[in-house]
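For reference, the structure is listed below as structure tokens.
On a predicted model such as this, the values are computed, not experimentally measured, just so you know.
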Amino acid sequence: AGPAVAWVGEAQAMYLPRAGLLRFHRHMLYLRPDLLVVLDDLRTATPAVFTHLWHGLEPFEAADRDGSFTLLRGAAALRLLPLLPKGQPAAALRTTHTFDRLPDLAKFKETPFSELRIEGPASARYLLATLIGIADAGAGSPPLAATLSPPWLRISKGPGGPLNIFFDL
């Protein structure tokens, strides 16, 4: 077990053909011990709205002007920082404090979620990176700052300091 674990999955087949999804590659990179990077690479045949939902057992708190949000639960703190490449169709980030029903998980019937929506034209390629910093709640929200300039993700402030990550897109 080294300092990083990476994997890529193809998720297009999970969606109905009428969704018009031509591509959905999810790249995940776990940088031990306290940073998870999720990069979604999407393409559609028709105009689309992508909605990313992050579920938690507690409501998310809006954080900085950078669009990040934080989940505090017990001794743990998670900070999620969504990133879009410059020039990509605009996204609207909102933290929703309503509840989603999960009928198959009786223990977690109501979970707050945070939603990110990306809207754009047909045949466009969409990239969304989400950095998830993990920390002790007593230390506060994990510091994160990064830019997405495909194929590079540059993390300028985070656990372990500056880092450039190349994604084979």
Side-chain angles (χ1 to χ4, degrees), residues 4-31 35-71 78-106 108-133 144-155 158 163-169:
V5 176
W7 61 99
V8 178
E10 170 54 66
Q12 175 189 352
M14 294 184 63
Y15 294 86
L16 296 172
R18 70 174 180 247
L21 195 59
L22 301 174
R23 173 191 193 110
F24 183 173
H25 293 171
R26 175 163 281 175
H27 304 255
M28 297 187 77
L29 176 64
Y30 175 47
L31 300 168
L35 182 63
L36 177 65
V37 177
V38 179
L39 178 73
D40 289 333
D41 182 358
L42 306 140
R43 185 181 305 268
T44 63
T46 60
V49 174
F50 296 109
T51 303
H52 291 260
L53 300 175
W54 295 98
H55 296 268
L57 296 177
E58 302 289 339
F60 289 90
E61 299 175 8
D64 299 324
R65 286 172 260 153
D66 61 4
S68 67
F69 44 98
T70 302
L71 174 64
L78 293 179
R79 181 160 173 222
L80 286 80
L81 174 63
L83 299 167
L84 297 167
K86 196 179 242 184
Q88 180 167 294
L93 175 67
R94 68 182 177 132
T95 302
T96 307
H97 293 289
T98 56
F99 292 87
D100 186 25
R101 302 279 176 200
L102 301 174
D104 56 334
L105 298 174
F108 307 115
K109 285 193 182 210
E110 297 181 337
T111 63
F113 63 90
S114 188
E115 175 184 57
L116 173 70
R117 293 174 56 88
I118 304 171
E119 300 182 37
S123 300
R125 183 178 194 185
Y126 303 88
L127 295 172
L128 169 67
T130 304
L131 277 63
I132 303 171
L144 294 173
T147 56
L148 179 59
S149 302
W152 291 96
L153 173 64
R154 291 178 174 83
I155 302 172
L163 181 64
N164 289 320
I165 302 169
F166 178 84
F167 285 94
D168 185 11
L169 302 172

Report yes if the side chains of [X] and [Y] come closer than 4.5 Å at any heavy-atom pair, otherwise no.
| X | Y | result |
| --- | --- | --- |
| Leu163 | Leu31 | yes |
| Leu148 | Leu39 | yes |
| Met28 | Leu36 | yes |
| Leu21 | Leu16 | no |
| Pro82 | Leu128 | yes |
| Leu29 | Ile165 | yes |

Taking side-chain hydrogen bond (donor to acceptor under 3.5 Å, both in side chains) as the definition, give me every residue that meets it alongside His25, ordered by chain and number, with sequence neighbours left out.
Glu10, Arg23

Residue list, side-chain hydrogen bond (donor to acceptor under 3.5 Å, both in side chains) with Arg26, at least two apart or on another chain
Asp40

Find the distance between OG1 (Thr130) and CG (Leu83) and round it off to the nearest 0.5 Å.
7.5 Å

Reported CG-to-CZ distance for the pair Asp41 and Arg125, which is rounded to 0.5 angstrom:
4.0 Å

Is it true that atom CG of Asn164 has more than 12 heavy atoms of other residues, nucleotides or ligands lying nearer than 6.0 Å?
yes

Shortest non-hydrogen contact from [X] toward [Y]:
| X | Y | result |
| --- | --- | --- |
| Leu144 | Arg79 | N-NH1, 3.2 Å |
| Leu127 | Pro150 | CD1-CG, 3.2 Å |
| Ala146 | Leu131 | CB-CD2, 3.9 Å |

Aromatic ring pairing Phe167/His27, orientation class (parallel under 30°, perpendicular over 60°, tilted between):
perpendicular

